[in-house]
Amino acid sequence: MDQHPINLPDKPALEGLEAKWAARWEAHGTYRFDRNHTREEIYSIDTPPPTVSGSLHVGHVFSYTHTDLIARFQRMRGKVVFYPMGWDDNGLPTERRVQNYYGVRCDPSLPYDRDFQPPDKPGKQPISVSRPNFIELCNRLTAEDEKAFEHLWRHLGLSVDWSRTYATIDRRAQKTSQAAFLRLLKRGIAYQLEAPTLWDIDFRTAVAQAELEDREQPGAYHRIRFARPDTSTFVEIDTTRPELIPACVALVAHPDDARYQPLFGSKVVTPLFKVPVPVRAHALADPEKGSGIAMICTFGDLTDVTWWRELRLPVRAVIQANGAFRPLTWGSTGWESHDVAAAQAVYDQLANLSAVKARARIVELLKESGDLLGEPRPITHPVKFYEKGDRPLEIVTSRQWFIKTMDFREELLARGVELQWHPDYMRHRYENWVNGLAGDWCISRQRFFGVPFPAWYPIRGDGQIDYTRPIVPTEAQLPIDPSTDTPEGYVPAQRNQPNGFAGDPDIMDTWATSSLTPQIAGDWLGDPDLFARLFPMDMRPQSHEIIRTWLFDTVLRSILEHGSLPWKHAAISGWVLDPDRKKMSKSKGNVVTPMGLLEEHGSDGVRYWSAKGGPGTDTAFDAGQMKVGRRLAIKVLNAAKFALMQAEPRGAITEPLDRGMLSSLATLVQESTEQFEAYDYARVLEQSERFFWSFCDDYLELVKARRYGDFTPEGAASANSAMLVALSTLLRLFAPFLPFVTEEVWSWWRTGSVHNARWPTAEEVVAPIGGSDAEAVQVFAQTRAALGEIRRIKALEKRPVKAVIDRAVLPRRFESLMPAAPDFKAAAHIRDLLFGSIEEPQLEFAAEQLPEPRV
RNA sequence: GGGCGGUUAGCUCAGUGGUAGAGCACCGGCUUUACACGCCGGCUGUCGCAGGUUCGAGUCCUGCACCGCCCACCA
């Protein structure tokens, strides 16, 4: 054992331990990753990169603590832990923040200005800057945020190797994203397509299926009649979006629906616009919904897209990228009508209106024409929104990049089974998502800040861009920005000129980069040797609401690129709930600042509360639990002080109580190890804590007199030696949870860091007593039980309570604790629980048999 | 509409078919030489509801209710 003379502080305290030990851990490289190990010797973690353009909240503290518990356990088990930290500075939140902070606006058409400096204060008019300049500003601002985040994480005690950080917009991340994209492009797995795409009209960008959310919205069914030519009859349909009548391309009913079977193949005429549209049959049409026949528009919803594609219908798009109805000329190709003038007159009243305004207007017009039957019937129904958006999504046809997903569903499901989930039931969310996939992954976004697509396109002599023949760089040239870099074989002056080239204007979805965090953190391209030592990684920790995005996308990219899972384990954290059982969030104004919590309760106290929240379990924010954790940490200080303040003499551990205590501790160590291996850290803490309090209140009290030398030197030596084994073991059991106080106590008499010490083993704990002593465990357990019973009798006697005591059992219990009789009686003395004060014959009988302590 | 979790003491939650648990809160006692940031004791339950399996169910099965989350083709 690496020990030095015991060096106890006069008055041990928690205050200042965070700063003291965070600095020493950094100086000593306690958590530094050493790459000179094989994959089997390494435990690698795919740390979630927090979004830096916000602030950390208590939910971050909660879930990052969970990861740290595992990291610390694995490190103590002897694994070389790869525990990096990333910063997510890619994407819309950063874009917005940089715009407001510096008063700039990104214009991707501008050239890079090497000497650009932002104004000290943002002006009223935003300054236009190039995309590279914009990214520089982002890096500058996020560097500040990252410092604050790192400070908090260090204060919390995350055992991250701070020399291994990355940012999701840094050069390595860009190169990784672009290279992975180019490889998929080469294999035909990445492709571009002009297609109807979910579109946010405020952000003016395409969004992916994974970024959708449904919101219940008020709406109304409008019953509208379509005329049947050559008859005086009508077909009635229900729609919530009557404004899309000009975009109607067909009606559809279920093929088995007898009501509409006679109509299939015939044509009807749209109201107001007098456009002939066919009536078609499709199994997706629901006879139960509305009138059982629906209007297909290009495009009102995703079902429209399905019908449009499968029935090979024409496109009549009316909604523009900004959400407004586009002006158009009736009578031109694709916009035929039986009454062009009337159609134009109606449509001109809708042009340039938003969908909501157009709807109001067209309802008036339908009423006037008599084509609206009855009043609109209000309903609430789910409407798709971009999760960050404020207005419903529209579907707009545009050119986008996709990654093939649908072709890999089988393998995605199989990998989901192979992945070990903690807790296991979280795998259902993944499977649910894979089974519900509706299309390939749209990865292009019409934004400015992000990883650009590494592609240019030739411009033909007529000035048209030829998207079918993208020009791509070599991997060695990456990262590139097509808005400023020039492709091989061209000169910069040819940009956007006939016979020249044009850069791809889009950027990648942030998940297209985040899905490569194992490759980015492990430096897949730059350091293949390192990557091979890390990948597939051991653990991905994350929260459950991004299983469909981050987890799913990472699995997909790993399958596509490596043919394997990206990690063996997925550890899913729950949420922190406020007292109203709602998820804590900034918008609700109920977030407590993490640093304030750490200062008030101590990092160990806050970590204790976090660790009580088991994998996947939503946990109420509870300052009371943090106080309990803080008290536990203080108790560790004081118990350690007691054990170490008079640690001589030492010698053989012969006393039954000492042997029983150590044998029980060995069981705890065994169970804790198994639980930790199964990622059940919360159970480890609970059981270790239970043992520790009993250790303090029962064991230490029982042996106190003996260890002070009241009986024999051998007895004192036995107690002292057992206490030190127990202390060393308990400190290591608590080290992942309470890294500061355990390190402090460890430093009083041990060399090195407790966090680099080996996790205890059951064999080690009972080695000094020659193996587990089952008989002594009985003595230990029964002595504690008897002491408890005496205490209860004492309390009951003092208050005149009609206690029912099993008088027959008491004497037997005392017989069984005879091997620990002196300790037992001494403890009773110390606690003023003298038997004589209890007028129970059985107790007196028992007490007489106990030898007197040798005072 | 489908799926997944949850429902146990006033609160937060453990609970592995075998006598219902912990902490907090509350009440009472204790200057006791590690710790009053402490120690000892006490009070507190139709284990959501209804059936079923079993010698025995908080635990397993079926159904239902409520809470939360995830997903879904929004006419």
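Lettering follows sequence order; numbering is per chain, from 1.
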For the side chain of A:His428, counting heavy atoms from C-beta on, which of B:C35, B:G3, B:C70 is nearest? B:G3
So what's B:G38 paired with, Watson-Crick or G-U wobble, going by both distances under 3.5 Å? B:C30
Considering every strand shown, what is the Watson-Crick or G-U wobble mate of B:A20 when both distances are under 3.5 Å? none
Measuring from the side chain of A:Thr240 (C-beta onward, heavy atoms only), which nucleotide among B:C74, B:C70, B:G23 has the closest atom? B:C74
Between CG on residue A:Leu17 and OG on residue A:Ser603, distance to nearest 0.5 Å: 9.5 Å
I want to check one thing: is the phosphate of B:C73, taken as OP1 and OP2, less than 4.0 Å away from some side-chain N or O of A:Lys384? yes
Specify the residue among A:Met645 and A:Arg683 whose closest nucleotide of RNA chain B lies further upstream toward the 5′ end. A:Arg683
Quick one: which of B:C70, B:U16, B:A72 gets closest to the side chain of A:Arg429? B:C70
Take the protein atom CG of A:Leu413 and the nucleotide atom C1' of B:G3, then report the distance between them rounded to whole Å. 14 Å
Just the rounded figure in Å: distance from P of B:G3 to CG of A:Asn435. 13 Å
Using a 4.0 Å heavy-atom cut-off across all strands, classify A:Asp286 as base, sugar-phosphate, or nothing. base
Is the ring pair A:Phe552/A:Tyr430 parallel, tilted or perpendicular, if the boundaries are 30 and 60 degrees? tilted
At less than 3.5 Å, do the side-chain atoms of A:Lys635 and the base atoms of B:C35 form a donor-acceptor pair? yes
Nearest listed nucleotide, side chain of A:His381, among B:C39, B:C74, B:C70: B:C74
Select from A:Asp680 and A:Tyr425 the residue whose nearest nucleotide in RNA chain B is closer to the 5' end of that strand. A:Tyr425
Are A:Lys289 and B:C74 close enough that a side-chain N or O sits under 4.0 Å from OP1 or OP2? yes
Determine which nucleotide pairs with B:G1, using a 3.5 Å limit on both distances of a Watson-Crick or G-U wobble pair. B:C71
Considering every strand shown, what is the Watson-Crick or G-U wobble mate of B:U59 when both distances are under 3.5 Å? none
Paired with B:G48 by Watson-Crick or G-U wobble geometry, both distances under 3.5 Å: which nucleotide is it? B:C64
Should the pair A:Arg223-A:Glu375 be classified as a salt bridge under the 4.0 Å nitrogen-to-oxygen rule? no
Assign A:Leu284 to base, sugar-phosphate, or nothing according to its heavy-atom contacts below 4.0 angstrom with the strands shown. base
In whole Å, what is the span from the CD atom of A:Gln646 to the P atom of B:U33? 15 Å
Using atom P in both nucleotides, what's the gap between B:G17 and B:C60 to the nearest angstrom? 8 Å
Please check the phosphate of B:G38 (OP1 and OP2 only) for any side-chain N or O of A:Arg631 closer than 4.0 Å. yes
Separation between the P atoms of B:C11 and B:G48, rounded to whole Å: 14 Å
Whole-Å gap separating P (B:A72) and CZ (A:Arg548): 7 Å
ring-ring contact (aromatic ring centres under 6.0 Å, His included) between A:His544 and A:Trp575, worked out: CA-CA 8 Å; A:His544 50 65; A:Trp575 282 342; 4.7 Å; yes
A:Asp553 side chain vs A:Trp511 backbone, donor-acceptor pair below 3.5 Å: no
Tell me the interatomic distance from A:Met626, atom CE, to B:C11, atom P, rounded to whole angstroms. 20 Å
From CG of A:Asp697 over to C1' of B:C40, roughly how many Å is that when rounded to an integer? 9 Å
Which nucleotide in the set B:U12, B:C39, B:C69 lies at the smallest distance from any side-chain heavy atom of A:Ala620? B:U12
Give A:Val628 one of three labels, base, sugar-phosphate or nothing, depending on what nucleic acid heavy atoms sit under 4.0 Å from its own. sugar-phosphate
Say you pick atom C1' in B:U44 and the same atom in B:U54; how far apart are they, in whole Å? 31 Å
With rounding to the closest Å, how many angstrom separate the P atoms on B:G58 and B:U7? 15 Å
Between atom NE2 of A:His601 and atom CZ of A:Arg630, what is the distance when rounded to the nearest 0.5 Å? 9.0 Å
Indicate, with a heavy-atom threshold strictly under 4.0 Å, whether A:Thr306 touches base, sugar-phosphate, or nothing. nothing
Test of ring centre spacing under 6.0 Å for A:Tyr386 and A:Trp199: no
How far does the P atom of B:A25 sit from the matching atom of B:C61, given to the nearest Å? 38 Å
Would you kindly give the NE2-to-P distance between A:His544 and B:G68, to the nearest whole Å? 14 Å
A:Asp622 near the nucleic acid: base, sugar-phosphate alone, or nothing, with a heavy-atom cut-off under 4.0 Å? sugar-phosphate
Any base atoms under 4.0 Å from A:Ala285, or only sugar-phosphate, or nothing? Heavy atoms, all strands. base
Write down the distance separating the P atoms in B:A14 and B:G23, rounded off to the nearest Å. 16 Å
What's the CD-C1' distance between A:Glu686 and B:G15, to the nearest Å? 8 Å
Pairing nucleotide - B:A9, Watson-Crick or G-U, each distance under 3.5 Å: none
For atom P, what is the distance between B:C49 and B:G10, given to the nearest Å? 14 Å
Provide the distance between the two C1' atoms, one in B:G28 and one in B:G68, to the nearest whole Å. 40 Å
Check every strand shown and say whether A:Trp421 touches a base, only sugar-phosphate, or nothing at a heavy-atom separation below 4.0 Å. nothing
Could you give the distance from CG (A:Asp200) to CD (A:Glu211), rounded to the nearest 0.5 Å? 10.0 Å
